[in-house]
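Notes to accompany the following structure.
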Number of protein chains: 2
Amino acid sequence: MSDGTHPGTETQTHRRIILAALHEFTQSGYKGCSTRAVAERAGVNEVTLFRHFGNKLELLRAAVEYSVGQMRAPADIESYFNLSLRDGLTKLITDYLLQLSSQSDILMLGFSESFSHPEVADVLRRFIWQFRTALIQYFEGQYAQKKMKEADFPVLAHMLLITIHSTPSVHKRAPEDVKIHLSDERVVKTLVDTVSLAYSLDEL
Amino acid sequence: MSDGTHPGTETQTHRRIILAALHEFTQSGYKGCSTRAVAERAGVNEVTLFRHFGNKLELLRAAVEYSVGQMRAPADIESYFNLSLRDGLTKLITDYLLQLSSQSDILMLGFSESFSHPEVADVLRRFIWQFRTALIQYFEGQYAQKKMKEADFPVLAHMLLITIHSTPSVHKRAPEDVKIHLSDERVVKTLVDTVSLAYSLDEL
DNA sequence: AACTTGCGTAAGCATGCACTTGCATTATAC
DNA sequence: GTATAATGCAAGTGCATGCTTACGCAAGTT
């Protein structure tokens with residue numbers, strides 16, 4: 001019985017295949033790319049790919065797992081509480097953006113592939129949820145400290161999350177003259193400006 | 001020479017195939033669904049599908065074209081100018097949402113398929129652009145009327161657009177307890193509240 | 001009655017692709 | 001020096017799928 005002999009999962013080959021898969025999957029979608037293409041990009045024989053991961057779907061799972069493993073949830077929110085609404089928000093968001101920018105590929109994959117592969121989407125949602133919760137907690141904290149007006153915090157958090165997440169993908173597709181308007185800095189600034197102008201009780 | 005004889009494009013069959021295609025494409029992606037599946041859903045023989053559209057890609061194009069043809073750009077922005085920032089925005093957004101809700105499928109398709117089929121994405125972008133332009137013009141109009149503070153209007157428009165567009169797709173995937181927080185009404189309200197609280201010179 | 005149009009049915013071709021098998025090759029370990 | 005682990009290479013299998021061909025049938029048109 002030729003049991004699928006899994007080679008050591010720590011080799012360089014393993015990693016290279018995963019990185020290649022991540023690239024191809026996000027570029028053309030799961031169905032849209034072939035294992036051949038992944039192998040080629042990894043500089044590896046196609047057979048090696050199967051020896052490592054068994055089948056294509058398992059490769060997807062491994063790639064997602066790898067990618068998610070790289071992300072770190074936002075540190076404890078308490079540390080943001082001392083700052084003003086404006087500064088705290090800015091820090092929270094930029095910290096989060098730092099995570100995202102390195103993982104924007106997998107997030108986009110998660111969005112486009114979420115129907116055909118709910119498991120994949122779930123993993124991502126779990127991560128995004130952490131930030132959502134952090135945001136809401138942060139708002140409620142600020143509100144309790146009377147540094148912020150009352151508002152529909154879940155929706156507010158949703159708004160921020162969506163904008164932050166979509167910006168990189170919009171960025172990738174947008175024509176050159178629009179990208180200029182969509183630098184991370186400007187988006188974050190406008191986001192924070194708007195929220196603190198609207199709800200801050202510190203300023204003015 | 002068996003030239004592809006295009007049957008009349010006004011038949012019921014034609015429409016049913018397009019609707020089926022729209023459904024399947026958005027469900028599983030272009031590569032993810034087969035012409036057989038589309039035909040089956042349309043209650044039509046697969047051959048008929050090819051007789052109408054020649055090939056799969058042409059079907060995609062026809063489906064997108066059909067869908068986009070259903071959308072109407074926002075009416076002339078002038079009519080919103082008389083209203084307050086809050087009321088004008090609300091009207092602009094709800095009007096736009098009306099369009100979107102009937103076309104959310106195709107929009108999601110556009111997003112997920114935009115890399116492999118840029119033409120498709122282009123058509124959609126063109127539509128979205130119209131709203132973006134309308135929004136920016138509206139803001140500038142309000143600003144000129146001194147009914148609104150200065151702001152980064154393009155980014156602000158981007159923020160609104162993104163939130164509006166993403167909400168339906170998030171809605172589809174989100175667990176039940178989150179959907180409650182994401183009714184169109186609440187999202188629009190928070191959006192408008194936030195913007196007008198932040199930038200309106202009418203209120204307070 | 002003959003022709004056209006729109007569709008169905010059956011069968012099949014060609015290709016791409018996930019996945020397998022068998023064998024040769026290198027390197028490392030013991 | 002021999003066993004073992006990790007990879008490459010050549011070839012192939014089986015299935016899904018896009019697309020075609022050839023034929024038949026019903027309804028409307030002329």
Side-chain angles (χ1 to χ4, degrees), chain A residues 1-64 109 113 116-117 119-120, chain B residues 1-64 109 113 116-117 119-120:
Chain A
M1 268 146 263
S2 68
D3 180 70
T5 36
H6 289 275
T9 96
E10 304 304 332
T11 72
Q12 196 59 23
T13 315
H14 200 84
R15 236 183 76 93
R16 283 177 57 191
I17 296 177
I18 285 193
L19 292 181
L22 230 32
H23 185 269
E24 290 292 321
F25 284 159
T26 55
Q27 202 78 5
S28 347
Y30 179 74
K31 289 248 180 185
C33 82
S34 66
T35 52
R36 295 209 227 291
V38 175
E40 195 173 341
R41 167 163 287 267
V44 157
N45 194 283
E46 195 187 357
V47 188
T48 307
L49 185 153
F50 285 104
R51 279 196 274 244
H52 273 265
F53 300 96
N55 57 47
K56 194 184 175 185
L57 207 149
E58 206 54 46
L59 173 58
L60 173 65
R61 248 196 284 275
V64 173
L109 177 66
E113 218 74 25
S116 23
H117 300 284
E119 337 93 79
V120 175
Chain B
M1 267 149 265
S2 67
D3 180 67
T5 37
H6 288 274
T9 96
E10 303 304 332
T11 75
Q12 196 58 20
T13 315
H14 200 84
R15 236 184 77 92
R16 284 177 57 190
I17 296 177
I18 285 192
L19 292 181
L22 229 32
H23 186 269
E24 291 292 321
F25 283 159
T26 54
Q27 202 78 3
S28 347
Y30 179 74
K31 289 247 178 185
C33 82
S34 66
T35 51
R36 296 214 220 289
V38 174
E40 193 172 343
R41 166 165 287 269
V44 156
N45 194 282
E46 196 188 355
V47 187
T48 307
L49 186 153
F50 284 104
R51 279 196 273 243
H52 273 265
F53 301 96
N55 57 46
K56 195 184 175 185
L57 207 148
E58 206 54 47
L59 173 58
L60 173 64
R61 248 195 284 275
V64 172
L109 177 67
E113 218 73 27
S116 22
H117 300 283
E119 338 91 81
V120 175

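The sequence lines fix the lettering, A, B, ..., with proteins before strands; numbering per chain opens at 1.
- Applying the ring-ring contact (aromatic ring centres under 6.0 Å, His included) test to Tyr30(A) and every residue at least two apart in sequence or in another chain returns Phe25(A), His117(A).
- Using a 4.0 Å cut-off, no side-chain N or O of His52(A) falls inside it from OP1 or OP2 of dA6(D).
- Under the 4.5 Å side-chain criterion, counting only non-hydrogen atoms from C-beta, Ile18(A) is in contact with Phe53(A).
- Residue Arg51(A) has its side chain nearest to dC9(D) when only dC7(C), dT20(C), dC9(D) are considered.
- Closest approach of Leu49(B) to Thr35(B), counting heavy atoms only: CD1-O, 3.7 Å.
- The phosphate of dA18(C) (OP1 or OP2) has a side-chain N or O of Thr35(A) nearer than 4.0 angstrom.
- Here dT7(D) presents its P atom at 11 Å from CD of Gln12(A), a figure rounded to the nearest Å.
- Interatomic distance, Leu19(B) CG to Arg41(B) CZ, rounded to the nearest 0.5 Å: 10.5 Å.
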Under 4.0 Å protein heavy-atom contact, by nucleotide of nucleotides 11-16 of chain D - B base, S sugar-phosphate only: ------
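- Applying the salt bridge (charged side-chain N to carboxylate O under 4.0 Å, His left out) rule to Glu58(A) yields the partners Arg61(A); only residues at least two apart in sequence or on another chain are considered.
- Within 4.0 Å of Gly43(A), counting heavy atoms only, lie sugar-phosphate atoms of the nucleic acid but no base atom.
- Taking 4.0 angstrom as the limit, Thr48(A) places a side-chain polar atom (N or O) nearer than this to OP1 or OP2 of dG8(D).
- Ala39(A) and Glu46(A) get closest at one heavy-atom pair: CB-CA, 3.6 Å.
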